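Scroll down for the structure; my scribbles are underneath it.
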Protein chains: 2
Amino acid sequence: MERALDNLIDEVKRLILIMGGSVEMALQEVTQAIATRNASKLKNIHQIEQKINEDHIKIDETCLTILAKQSPVAKDLRLILSVLKINTDLERMGDQVMNITYTTGDYLTRPPLAQVSMITQMGDFVRKMVKESLDCFVKGDADHSRQILLMDDEVDDLKNKVFRELCEHMKKNPQDVDASLDLILIARNLERLGDHATNIAEDVIFAFTGEDVRHGGKSGA
Amino acid sequence: MERALDNLIDEVKRLILIMGGSVEMALQEVTQAIATRNASKLKNIHQIEQKINEDHIKIDETCLTILAKQSPVAKDLRLILSVLKINTDLERMGDQVMNITYTTGDYLTRPPLAQVSMITQMGDFVRKMVKESLDCFVKGDADHSRQILLMDDEVDDLKNKVFRELCEHMKKNPQDVDASLDLILIARNLERLGDHATNIAEDVIFAFTGEDVRHGGKSGA
């Protein structure tokens, strides 16, 4: 019984890493498509997202089986609950990357804007957050997870900068409204991706320490 | 043992309804603040969101207790897993309403735009979706949940209309870029709220029928 549970836990961990790898890859592809103005890079992303959705269902089903047949307790139960949450976050991250992909498709039909460099910078930074949050999950590293929570402020700063600069740009260059709005929406999606990476970091802390750091900790504030 | 489980299930159901009611109320307050240009209505929303965050933690803790001590199976286990997911969605809905609240605070300092009527229409429609998805949860109504999935298309259409009209408006009226962008971002948040209501409807279908309708059904496509 014990060994069956360990094997199933290893299996869901493996699936989470595959799914996380897919999210990272999709984010890298779309960031490169924006940076190099290469729309052909967008085509692969649909396939990657389909794989993410398949893994999403598979992980939920495996967790349901574990809960129904193995009745895990204590740290095993916390880990399964965290996997369920991380699974939801990764799937929504796939949705966010798809939103970016669609908007990038539109953006690449328009004249380029210099402000795009801020977007690729944001994309690279968010991908680092995603990668590090999953590394923390593999290693059970709650300490580094706390560092990831702090990185989210940097993403918010970058997004605010994109918003400010593009608002000013639109006022002076109304012909660039469409392209500017595309980049603003992409920045917003990247900010949401950063939020999801933060959620994963919070789930890692809960899984490996039992501490609930959401909403500023136990107080629920 | 059986009665203890039933009581705990009733307790999490009750908490979900309270939390859902808070989300509905917050959404109503912010929609009215926009419609009536009354910024004082925004003040209550912070308090409502704090309550949502407290219930979020409480529901997760209760579900953890149920899983650890009662080892539910079959439909009880499906219900608890659905409650965990609905809990996550409601908390994120609270975050979205807070985003709308902050943006509305900015919007109300600027000259009004006629297009705001589309936003209040969207807000009312999304609130209806939230209410109906929670009614389905209470009644275990999987059939009506399927209707809610269809309502999401209407929200997307409304959002696209807001985007199109405000893009054109910005091009001709660069002085209205800030206010237009506020409404565009609010429309995007409302669209996300509609997505979360859709997620709840999907969870209700899973909880009460065992059918996983996400990603177009069992195939994972």
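This one's a predicted model, so the numbers in the text were calculated from it and none came from an experiment. Letters A, B, ... are given to chains in the order of the sequence lines, protein chains preceding strands, and every chain is numbered from 1.
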Part of A:Gln175 lying under 4.5 Å from any heavy atom of chain B: neither
Could you go step by step and tell me if A:Arg146 and A:Glu202 meet the salt bridge (charged side-chain N to carboxylate O under 4.0 Å, His left out) rule? CA-CA 8 Å; A:Arg146 290 177 212 277; A:Glu202 288 174 345; over 6 Å; no
Show the numbers, then the answer: is there a side chain to side chain contact (heavy atoms under 4.5 Å, CB included) between B:Met129 and B:Val155? CA-CA 10 Å; B:Met129 279 179 79; B:Val155 176; 3.5 Å; yes
Answer yes or no: is there an ion pair linking B:Lys85 with A:Asp60, defined by an N-O contact shorter than 4.0 Å? yes
Relative to chain A, which segment of B:Asn199 carries a heavy atom at a distance below 4.5 Å: side chain, backbone, both, or neither? side chain
Taking a cut-off of under 4.5 angstrom between non-hydrogen atoms, the residues of residues 157-172 of chain A near chain B are A:Phe163, A:Cys167, A:Met170, A:Lys171
Any residue of residues 102-117 of chain A which, by heavy atoms, sits under 4.5 Å from chain B: none
Between B:Asp95 and B:Arg92, does at least one N-O distance fall below 4.0 Å, as a salt bridge requires? no
Considering only heavy atoms, which portion of B:Leu67 lies under 4.5 Å from any heavy atom of chain A: side chain, backbone, both, or neither? both
Contacting moiety of A:Leu64, where chain B heavy atoms sit under 4.5 Å: both
Can you find a pair of side-chain heavy atoms, one from B:His215 and one from A:Ile57, that are under 4.5 Å apart? yes
Shorter than 4.5 Å, heavy atoms on both sides: which option in B:Asp178, B:Val73, B:Asp195 has the most such pairs with chain A? B:Asp178
Does A:Glu11 pair with A:Lys58 as a salt bridge, N-O distance under 4.0 Å? no
Using every non-hydrogen atom in the two residues, find where B:Glu191 and B:Met122 come nearest and quote the distance to one decimal. N-CE, 3.9 Å
Please flag which part of A:Leu181 lies under 4.5 Å from any non-hydrogen atom of chain B: side chain, backbone, both or neither. side chain
Backbone N/O of A:His56 and side chain of A:Asn87: donor-acceptor pair under 3.5 Å: yes
Would you please test B:Ile18 and B:Arg14 for side chain to side chain contact (heavy atoms under 4.5 Å, CB included) and show each step? CA-CA 6 Å; B:Ile18 290 173; B:Arg14 194 182 66 83; 3.5 Å; yes
Should B:Thr31 and B:Leu27 count as side-chain neighbours, where that means a heavy-atom distance under 4.5 Å? yes
Is any side-chain N of the basic residue among A:Asp203 and A:Arg78 closer than 4.0 Å to the acidic one's carboxylate O? no
Residues B:Lys51 and B:Asp55 bridged, charged N to O under 4.0 Å: yes
Given a strict heavy-atom distance threshold of 4.5 Å, which part of A:Ile184 is in contact with chain B: side chain, backbone, both, or neither? side chain
Nearest atoms (heavy-atom pairs only) where B:Cys136 meets B:Ile148: SG-CD1, 3.8 Å
